[in-house]
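Note: hydrogens, waters and symmetry copies are ignored here, and every other heavy atom, side chains too, is used.
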Amino acid sequence: MNSPFTKLKIKIKQQPFSQISILILLISISPSGSLSAILKPPPLPILPIPSSSQISWQLDEMALFLHFGTNTFTDSEWGTGHVSPSVFNPTQLDANQWVNVAKTAGFSRVILTVKHHDGFCLWPSNYTDYSVKSSPWKNGAGDVLFELAVAAKEAGIGLGVYLSPWDRHEDCYGKTLDYNEFYMGQMTELLTGYGEIKEVWLDGAKGEGEKNMEYFFKSWFSLIHQLQPGATIFSDAGPDTRWVGNEAGIAGSTCWSLVNQSSLTIGHTDANYSGGGDPQGQDWIPAECDVSIRPGWFWHPSELPKSALTLLDIYYKSAGRNCLLLLNVPPNSSGLISDEDVRVLQEFTELRRTIFSNNLAINAVLTASSTRGSSIGDSRFEPSNVIEEGIFGYWAPEEDQSDWIIYVDFATSVSFNLIQIQEPIQMGQRVVSFHVDILSDGIWQTIIKGTTVGYRRLVRFPIVKSQRLRLVIDEARADPLISYLGVYSDPFSVVSDAPNVSSTSYFNASRLIQPVDGNLSSRTSVQI
C-alpha cells in the first residue's frame, strides 16, 4: 500500500518542481494541515509595569471629586468636628444629577468625601453617631453614599471614596490602637456595603497642634486590597497612585510613573520628586492631579468657578502630562451641582470635542525609520498602528537601531499647534526625550522638544503649517514603543514662543469661548 509520501514522490517525478515549491508542498501536508507564518515575538516589557487596576485607572483619564458634608452648610473648609449634625439637610440632593454631570463631561469615575476632617459621615456608620443618621435629612434614614453608588452603577461610572484619616470629632483620635481599629472598622463598612469601589483616597492632611498618633497604613492598605482587589489606593506615597505635590492640578513637564516608594512619605511630600517622578524608580506609582473648580474645596455661595479655558489649560498640564486629572466639583447646600459649574463643564467638554474630534494624521501616510519584524513580513508593529486609538496596538522599531523616527505625510499642507503622543504603558514607560520636526523648504526644522510621554503627552506650540512631520525619539530606557500619534489644531489656546511654566490658578466666571488667531509664520522651537 502506498503511503501519502509515495504518492508525493510520484507527483514530483511527473512535474518539474523547484526546491521552494517542494518546501511549500511539504509544509502543506504537515500534521497541522495549514501554512502558518513565523512571527517575531513582541519586545520584552521594561520594569516596572502597571497592574491591571492601575491601567484601568490611567485609562479613565479624569475623575470628579465631590466634597460634600457639614462644611457645605457652614461656609467652611475645615470643620471643627463639633458642628451639630442638624445643619446637614440637602433637601434636593440628587446623586443622579452628580453622576450625569460627570458622565456628560467625560469623567469616568466619581470620588465622594464620605468623611472629611470634621469626622461627619455621609453614610450611617455603626461606629459613630456623628453621621447622616443624626441629621434631619430624610429623618435620619438617608445614606448619601448608597444613593451615589446606585446612580454610578446605573450610569456605568466608577465609584471611589475619600475617608479622612484625621478625625476632629472622635474621642479615640490620638489613641493609636483604638483609632486604627475604628478607622479599619469604618473602611470595612465602606468596602463591603456599596458594591465595587474603584478608588480609595486618603491623605496625610492634619492641622498644626493636633493630636499626634501613628496611622497603621500598611494594615489599611492590606485590608483595602483584600476587600476590593480591583481598587487603586491614592495617598501621598501610593501604593497605587501618588499625589502630584500641589493642589493646582499641574504635573511637572517631565513626569514619570516610576518612583521609589521608599522615597515617599505620607504627610511629608517632596513636591519636585512627586511632581516629576524618577526615571530610576523601581515602583510604578503614577501621579494624580487634584484641583478644585472653585477657590475652595467645599461649596461657598460667594465663590465662582474657573473658566472653561482655565480648565483646558489644567487638562493639558495634568491628563496631558501622564497623570489623571481629579477635578473637584462640590455640590451646593441644596444637594445639587450648581448651574454655573455645570455650564463651565459643558463649555470645557465642547472645547475638548472641538479640538480632539479631528486627528489630522488619520488619513496621512505613516512610515518609520524601521519596523520590528518587517524583514519577515510581520506587520503587527507597523507605524500605521499609531493612528488607531488605544494603547494595545503600537509601533515598534527593529532592534539595535541608531534612529527611532515616525514620519507623517499629510499629502497637503495642514496647520496645527498640538501633538498627542502615547506609549503602551503595559510595556513600561520608555521615552526619556523626543522632538518634533516639520519639513520647511526641504529642511527639517524642530518645532518642539520634550521629555517623557507615558500614557498621554499633549504638547502645544505656536501654529505651524507643513505637509510633512516627523516624531524623533532622542533617548529611551529601551526600544521606544508608540501607541498613538495625534496631530490637532487648537483654536482656543494662545501659546507664546516661550514655554508656559506658570502654575497660577484663575477663578473666572463662565464666559463665551471664542477661537483665537495664531501666528502661521512662527518656526520657534519650544522646549517643554
Side-chain angles (χ1 to χ4, degrees), residues 58-62 106 108 250-255 257 286 289 311-325 348-349 351-364 366 368 383-395 404-410 414-427 429-431 433-438 446-464 466 468-473 476 480-493 495 499-500 518 526-528:
Q58 192 91 63
L59 292 175
D60 277 353
E61 184 183 64
M62 296 192 301
S108 300
I250 295 174
S253 58
T254 297
C255 191
S257 294
C289 298
L311 294 186
L312 180 64
D313 186 60
I314 292 171
Y315 175 80
Y316 281 128
K317 295 173 181 175
S318 55
R321 292 181 176 176
N322 187 38
C323 300
L324 180 140
L325 170 59
F348 174 48
T349 304
L351 290 178
R352 299 191 334 270
R353 187 201 64 77
T354 300
I355 294 166
F356 294 103
S357 62
N358 182 25
N359 181 1
L360 298 172
I362 199 73
N363 294 315
L366 285 90
S384 57
N385 288 334
V386 305
I387 57 173
E388 300 292 334
E389 292 189 4
I391 62 171
F392 297 104
Y394 52 86
W395 166 74
W404 299 316
I405 307 172
I406 295 177
Y407 298 93
V408 181
D409 188 337
F410 301 105
V414 295
S415 298
F416 54 93
N417 61 352
L418 174 64
I419 298 287
Q420 173 174 317
I421 312 169
Q422 292 184 256
E423 292 184 82
I425 56 172
Q426 71 276 13
M427 305 294 285
Q429 190 175 354
R430 296 165 178 249
V431 176
S433 62
F434 65 90
H435 71 269
V436 176
D437 300 335
I438 59 171
T446 299
I447 55 172
I448 53 167
K449 297 178 182 179
T451 58
T452 63
V453 173
Y455 173 66
R456 173 178 284 108
R457 187 64 193 269
L458 296 171
V459 187
R460 293 174 293 176
F461 44 87
I463 294 177
V464 296
S466 180
R468 298 189 65 192
L469 168 152
R470 68 180 183 184
L471 169 65
V472 182
I473 309 301
L481 309 175
I482 302 298
S483 58
Y484 191 75
L485 179 62
V487 182
Y488 305 97
S489 175
D490 173 358
F492 308 104
S493 298
V495 182
N500 184 353
V526 178
Q527 180 72 45
I528 54 174

Does [Y] offer a backbone N or O that forms a donor-acceptor pair with the side chain of [X] under 3.5 Å?
X: Gln422; Y: Gly390; answer: no
X: Asn359; Y: Ala361; answer: yes
X: Ser433; Y: Gly450; answer: no
X: Gln420; Y: Val487; answer: no

Check: [Y] and [X] side chains under 4.5 Å, non-hydrogen atoms:
X: Leu351; Y: Phe356; result: no
X: Ile438; Y: Arg468; result: no
X: Phe434; Y: Val472; result: no
X: Asn417; Y: Val464; result: no

Value rounded to 0.5 Å, distance of [atom1] in [X] from [atom2] in [Y]:
X: Leu485; Y: Leu469; atom1: CG; atom2: CG; value: 6.5 Å
X: Ile314; Y: Phe348; atom1: CD1; atom2: CZ; value: 8.5 Å
X: Trp404; Y: Arg430; atom1: CH2; atom2: CZ; value: 10.0 Å
X: Leu366; Y: Ile482; atom1: CG; atom2: CD1; value: 12.0 Å
X: Arg457; Y: Thr254; atom1: CZ; atom2: OG1; value: 7.0 Å
X: Met62; Y: Leu324; atom1: CE; atom2: CG; value: 9.0 Å

(message) Taking side chain to side chain contact (heavy atoms under 4.5 Å, CB included) as the definition, give me every residue that meets it alongside Asn358, ordered by chain and number, with sequence neighbours left out.
(response)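 Side chain to side chain contact (heavy atoms under 4.5 Å, CB included) list for Asn358, sorted by chain: Leu360.
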(message) Is a donor from one side chain sitting under 3.5 angstrom from an acceptor on the other, for Tyr484 and Asn385?
(response)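 Result is no, nothing qualifies.
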(request) Not counting sequence neighbours, which residues clear salt bridge (charged side-chain N to carboxylate O under 4.0 Å, His left out) with Arg456? List them please. (result)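 Result, salt bridge (charged side-chain N to carboxylate O under 4.0 Å, His left out) vs Arg456: Glu61.
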(message) Checking Arg352 now: which residues fulfil salt bridge (charged side-chain N to carboxylate O under 4.0 Å, His left out) with it, not counting sequence neighbours?
(response)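 With neighbours one apart ignored, the set is empty.
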At their closest point, which heavy atom of [X] faces which heavy atom of [Y], and how far apart are they?
X: Ile425; Y: Gly454; result: CG2-C, 3.8 Å
X: Asp313; Y: Arg460; result: OD1-NH2, 2.7 Å
X: Gly252; Y: Arg321; result: O-CD, 3.5 Å
X: Pro424; Y: Ile391; result: CB-O, 3.2 Å
X: Ile355; Y: Tyr488; result: O-CD2, 3.4 Å
X: Trp395; Y: Ala368; result: NE1-CB, 3.3 Å

(request) Apply side-chain contact (heavy atoms from CB on, under 4.5 Å) to the pair Leu312 and Asp490, showing each step before the final yes or no. (result) CA-CA 11 Å; Leu312 180 64; Asp490 173 358; 4.2 Å; yes
(message) Please enumerate all residues that pass side chain to side chain donor-acceptor pair (under 3.5 Å) together with Asn322, with sequence neighbours excluded.
(response)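 Per chain and number, Asn322 pairs via side chain to side chain donor-acceptor pair (under 3.5 Å) with Ser257.
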(request) For Asp437, check side chain to side chain donor-acceptor pair (under 3.5 Å) against everything at least two apart and list the hits. (result)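 Partners of Asp437 by the side chain to side chain donor-acceptor pair (under 3.5 Å) criterion, ordered by chain and then number, come out as His435, Thr446, Arg470.
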(request) Carefully, step by step, assess Tyr394 and Met427 under the rule side-chain contact (heavy atoms from CB on, under 4.5 Å). (result) CA-CA 10 Å; Tyr394 52 86; Met427 305 294 285; 3.7 Å; yes
(request) Show your working on side-chain contact (heavy atoms from CB on, under 4.5 Å) between Cys323 and Cys255 and close with a plain yes or no. (result) CA-CA 8 Å; Cys323 300; Cys255 191; 3.6 Å; yes
(message) Run the side-chain contact (heavy atoms from CB on, under 4.5 Å) test on Tyr316 and Leu418 for me, step by step, so that the C-alpha distance in whole Å, both residues' side-chain angles and the decisive distance to 0.1 Å come before the verdict.
(response) CA-CA 10 Å; Tyr316 281 128; Leu418 174 64; 3.6 Å; yes
(message) Tell me every residue that passes ring pair (Phe, Tyr, Trp, His ring centres under 6.0 Å) with Phe410, counting only those two or more places apart in sequence or in another chain.
(response)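 Phe410 satisfies ring pair (Phe, Tyr, Trp, His ring centres under 6.0 Å) with Phe416 once adjacent residues are dropped.
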